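So that the names make sense, note that chain A is the first sequence line, chain B the second, and so on, each numbered from 1. As the structure is a computational prediction, the values presented were derived from the model and not from experiment.
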Amino acid sequence: MSSFHIPTMAEMTASGQTPDVLFWVGCAGSFDDRAKRITKAIARILHASETSFAVLGQEESCTGDPAKRAGNEFLYQMQAAQNIATLNGYGIKRIITGCPHCFNALKNEYPELGGTYEVLHHTQFIRELIETGKLRMSGDTPFKGRRITFHDPCYLGRSNGEYLAPREVIAKLDAELLEMRRCKQNAMCCGAGGAQMFKEAESGDREVNHARTDQALETQPEVIATGCPFCNTMMTDGVKNAEQESNVVVKDIAELIAEAADLLDAPTP
Amino acid sequence: MISQLLFLLLLSTGIFFFARRIGVIRRNINSGAHWDGSDRTSERWATMARVALGQGKMTTRPVAGFMHILIYAGFVIINIEILEILIDGLFGTHRVFAFLGPVYDFLIASFEWLAAGVILACVVFFVRRNGMAIARLASNDLKGWPSLDANIILVVEVLLMFAFLSMNAADAIAQSRGLEHYVTAGSFPVSSWLMPLYSGLSDAGVVAVERGMWWFHIAGVLAFLVYVPYSKHFHIILAFPNTYYSNLNPSGQMDNMAAVKKEVDLMMDPNADPFAAAPPSDEPPAPFGVKDAPDLTWKQLLEAYTCTECGRCTSECPANHTGKLLSPRKIMMSTRDRIEEIGQQRKANGGKWEPDGKTLLGDWITEEELWACTSCQACVEACPINISPMGIILDMRRSLIMEDSKSPESITSMFNNIENNGAPWAFPAGSRGDWTQEV
């Protein structure tokens, strides 16, 4: 695939342009090697669908979500104030995020602090791209008839009631969607939320992600689909722990779509 | 006449003790911090109608949900009969609504079927609690009083329904014998099964059973009225205000602390004088987060009194599910225990509460429990009456961090990383955009 340039807001503004959407990458998507692959998949989709977009690059900073949920409201509000100043400075109207935690903070918690935007999770935006015909699936998607189960991220599902978008996008893959015993509003957490990602688990019988992965494996999937970089890490670790990595892969919906969509047809800039 | 006076005395005693207890709970709840629930009234009424009145979240667990709806319907509808009992008791009448004829027959018959349903549900619940190893009901959270409390309620409900049906059976026998005062009225589809128990008795015996059961039933109902607000069973009333004041925002949305916003705004304001002294105030500054029960909002204290300890939250909690110490139900139970204790101390101290050296965070709820929460909102979703144990947990973390600077070492590093690099990991902020060179 040919490479392409991803503009920053600073570059765009310097050349007098305004993108339609801002791609809010998030910390995991920017720094974590596994999550960066998801970020690149989202970028490829945006590029291939000829979406006018930019990123903040070095001007992006943590939304403050993990600090807030660990009890550090000061740090969270400092982060929020800084990010809102940046976003408002560029006149941002529409944001796509690759992370449900950023999504929840930007969508629900920033408005009261002065940052009001239309915020979409990447699965919602991908659904929109498919519905408006800007993104086409290849006639024969590599996932046709494959067994895929979807793990609902808490901050997309229960938090924001979005259960359909990821499922409708998976449906476009012609795959067999398998629901876990606990799904949608009853889905079980992967164990990473509420700042757990950044600490050792408290002592108990077992790890939350191992228990959740077992529930996913019960559906005998070939792919565990995720919509959150933290869930992805947790489920990947769970699959390894269950010694199933040769049978089951964990992939973000954006990665599945990037593999299945007709991205090669996209014009290169 | 004497029996009317006796009835009046019984009734006013019951109401007096009930009202006194309600006053105590009201004061305890109102000792919480400010919370404004005066907005979005139509949405609030609709939520209450759906969740409390309509039992909208009960049937996610079909067996318990169906049985609960049976008891709920029985409780609400059979209370129409209480109205007749009150009038009869105060004015010395007997079955005062008998003039309704076929409507009365229909009402009595439906009460009887519902009473049978209530007995069935209570027996099933009793067996589930005591004879089956259902994790959320056999849990350590319920050791001792909470488990006894639940059983007392089930047994009393069965006894009351049995008395109600026996009263009807004896009445029907008295009617068939044409005894004085016993007008022919009512239809007795269920209590007719009990008639063989009493049909061998003399006329005086039948009247004694009818009167005895009538008095036992109403005395039991009044005793129940007094008992309920001391019990987890108070949800039968508080579920309504609690669902009215439901959190209507997305369940993952945490409030932005206004006190912190003021500080941050000041820091971001280039015109603010960094050396300005704080304006003088008599009030001590409000603490950040929740350390003790009165730091919670009155709504959170209402939730604590509303919780009926069903444990659906705990059985959905990923931390509890994997053997961690956290049980969202226990968070609610501890909160109620603590605010009750503070209420008692306040009363003993003439209305003023002096800190007693204990706090909800630390003496009832441990840091280990708080740090096990993944903030996944499963407990919030699972609660049939929209209680949020997670809200209390996260508010307590705020106290740990912002008042006591107590956090696991790795969480402290996460804070430092965000402060220094704008990311929870130790990557330089300058490399945030590096991935764009790799596409």
Please classify the contact between [X] and chain A as side chain, backbone, both or neither, with a heavy-atom cut-off of under 4.5 Å.
X        : result
B/Ser431 : both
B/Met257 : both
B/Glu438 : both
B/Leu400 : neither
B/Met254 : both
B/Pro408 : side chain
B/Ala429 : backbone
B/Asp255 : backbone
B/Met267 : side chain

Mind ranking [options] by heavy-atom pairs under 4.5 Å with chain B and telling me who comes out on top?
options                               : value
A/Gly157, A/Ala70, A/Gly26            : A/Ala70
A/Arg69, A/Lys36, A/Glu112            : A/Arg69
A/Gln77, A/Arg206, A/Arg182, A/Met188 : A/Gln77

Give, as side chain, backbone, both or neither, the part of [X] having an atom under 4.5 angstrom from any heavy atom of chain B.
X        : result
A/Glu60  : both
A/Lys68  : both
A/Glu59  : neither
A/Ala28  : both
A/Val208 : both
A/Tyr110 : neither
A/Ala43  : side chain
A/Ala211 : side chain
A/Asn72  : both
A/Leu113 : both
A/Gln79  : side chain

### Query
Which of these passes side-chain contact (heavy atoms from CB on, under 4.5 Å) with B/Met332: B/Cys313, B/Ser388, B/Pro389?
B/Pro389
### Query
Picking from B/Ser375, B/Pro250, B/Cys376, what satisfies side-chain contact (heavy atoms from CB on, under 4.5 Å) with A/Tyr155?
B/Ser375
### Query
Does the pair A/Phe31 and B/Trp435 meet the rule for a ring-ring contact (aromatic ring centres under 6.0 Å, His included), with working shown?
CA-CA 8 Å; A/Phe31 296 115; B/Trp435 66 272; over 10 Å; no
### Query
For the side chain of B/Ser399 and the backbone of B/Asp395, is there at least one donor-acceptor N/O pair under 3.5 Å apart?
no
### Query
Between the side chain of B/Arg44 and the main-chain N/O of B/Asp39, is any donor-acceptor distance below 3.5 Å?
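Flag set: sc B/Arg44 to bb B/Asp39 pair under 3.5 Å.
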Side chains of [Y] and [X]: any donor to acceptor distance under 3.5 Å?
X        : Y        : value
A/Thr63  : A/Asp65  : no
A/Asn232 : A/Thr226 : yes
B/Lys57  : B/Asn386 : yes
B/Ser407 : B/Thr412 : yes
B/Asn420 : B/Asn416 : no
A/His121 : A/Glu162 : no

I'd like to know which of [options] tops the heavy-atom pair count under 4.5 Å against chain A.
options                                : answer
B/Glu316, B/Glu409, B/Gln437, B/Glu263 : B/Glu316
B/Cys317, B/Ser410, B/Ala382, B/Gly433 : B/Ser410
B/Lys324, B/Arg432, B/Arg397           : B/Arg432

### Message
What's the separation between atom OG1 in B/Thr359 and atom CD1 in B/Ile365, rounded to the nearest 0.5 Å?
### Response
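These two atoms lie 10.0 Å from each other.
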### Query
Quick one: does B/Thr335's side chain get under 4.5 Å of B/Leu360's, heavy atoms only?
yes
### Query
If we only count heavy atoms from C-beta on, is the A/Phe103 to A/Asn160 side-chain gap below 4.5 Å?
yes
### Query
Taking the six-membered ring for Trp, are A/Phe74 and B/Phe288 parallel (under 30°), tilted (30 to 60°) or perpendicular (over 60°)?
perpendicular
